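Read the structure below first, then the notes.
Just the heavy atoms: all of them, side chains too, but no hydrogens, waters or symmetry mates, feed the values below. This is a predicted model, so every value here is computed, not measured.
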Amino acid sequence: MSKRPPLDLKSLTSEQAAPMPEATQRMPVEVPKTKPQPQPASVSVRPEAVKTENLEALAFKVPPVFRKRFRQRAVIADLKLNELLFEALDAWEEKKGLKR
């Protein structure tokens, strides 16, 4: 069995490393400070948090455009995806006049 030579870990540190000449270096970008935009009136205040201890998995496929729109709406409303789904079902039941 051949013995491998020990690794020189100092040669792997950033002090000795240099960027590749063909690599484009990133420059820090200053983010302009803007006033926070008011949230639309349709976004309600977040109700009590959903308890996750008794939730079951639900999996289904949707078109990519729908997935992106759904995720964006959740972010804008500061909701988890499952919270948005719960609210959507509640609104649908209310619209259809179904009891909860």
Side-chain angles (χ1 to χ4, degrees):
M1 208 189 264
S2 65
K3 233 182 177 182
R4 290 185 181 175
L7 288 176
D8 181 16
L9 295 178
K10 288 185 180 179
S11 67
L12 299 176
T13 62
S14 62
E15 294 172 358
Q16 303 231 350
M20 296 172 28
E22 66 270 12
T24 305
Q25 299 300 312
R26 296 183 190 173
M27 300 302 292
V29 178
E30 289 188 32
V31 178
K33 294 181 181 179
T34 59
K35 295 180 183 177
Q37 297 178 356
Q39 292 186 349
S42 63
V43 176
S44 60
V45 176
R46 195 174 193 178
E48 64 185 58
V50 177
K51 295 186 180 186
T52 58
E53 66 257 5
N54 293 324
L55 298 182
E56 293 186 20
L58 176 67
F60 49 89
K61 295 186 178 194
V62 295
V65 173
F66 178 87
R67 180 180 183 272
K68 183 176 181 179
R69 194 174 109 218
F70 188 81
R71 294 175 72 85
Q72 286 175 336
R73 297 290 184 230
V75 168
I76 290 169
D78 191 28
L79 294 172
K80 294 178 182 176
L81 295 177
N82 61 355
E83 292 172 336
L84 179 58
L85 184 62
F86 296 148
E87 287 190 24
L89 180 60
D90 290 343
W92 181 82
E93 288 175 338
E94 186 177 317
K95 181 180 177 182
K96 297 290 183 178
L98 301 172
K99 290 185 178 180
R100 243 178 126 191

**Report entry** Worked check of side chain to side chain contact (heavy atoms under 4.5 Å, CB included) between Asn82 and Leu58
**Finding:** CA-CA 10 Å; Asn82 61 355; Leu58 176 67; over 6 Å; no
**Report entry** Single-linkage hydrophobic cluster Leu79~Leu81, side-chain heavy atoms < 4.5 angstrom
**Finding:** yes
Report summary line: The reported gap from CG in Leu98 to CG in Leu89 (rounded to nearest 0.5 angstrom) is 9.0 Å
Requested in this report: With rounding to the nearest 0.5 Å, note down the distance linking CD in Glu83 to CG in Asp78.
Outcome: 8.5 Å
Query - Single-linkage hydrophobic cluster, 4.5 Å side-chain cutoff, Val65 and Leu84 together - result: no
Report summary line: Residues at least two apart in sequence or cross-chain that pass side chain to side chain contact (heavy atoms under 4.5 Å, CB included) with Val62, listed by chain then number, are Phe60, Phe66, Arg67
Report task. Kindly write out the residues that satisfy side chain to side chain contact (heavy atoms under 4.5 Å, CB included) with Lys61, not counting sequence neighbours, or none if the list is empty. Result -> none
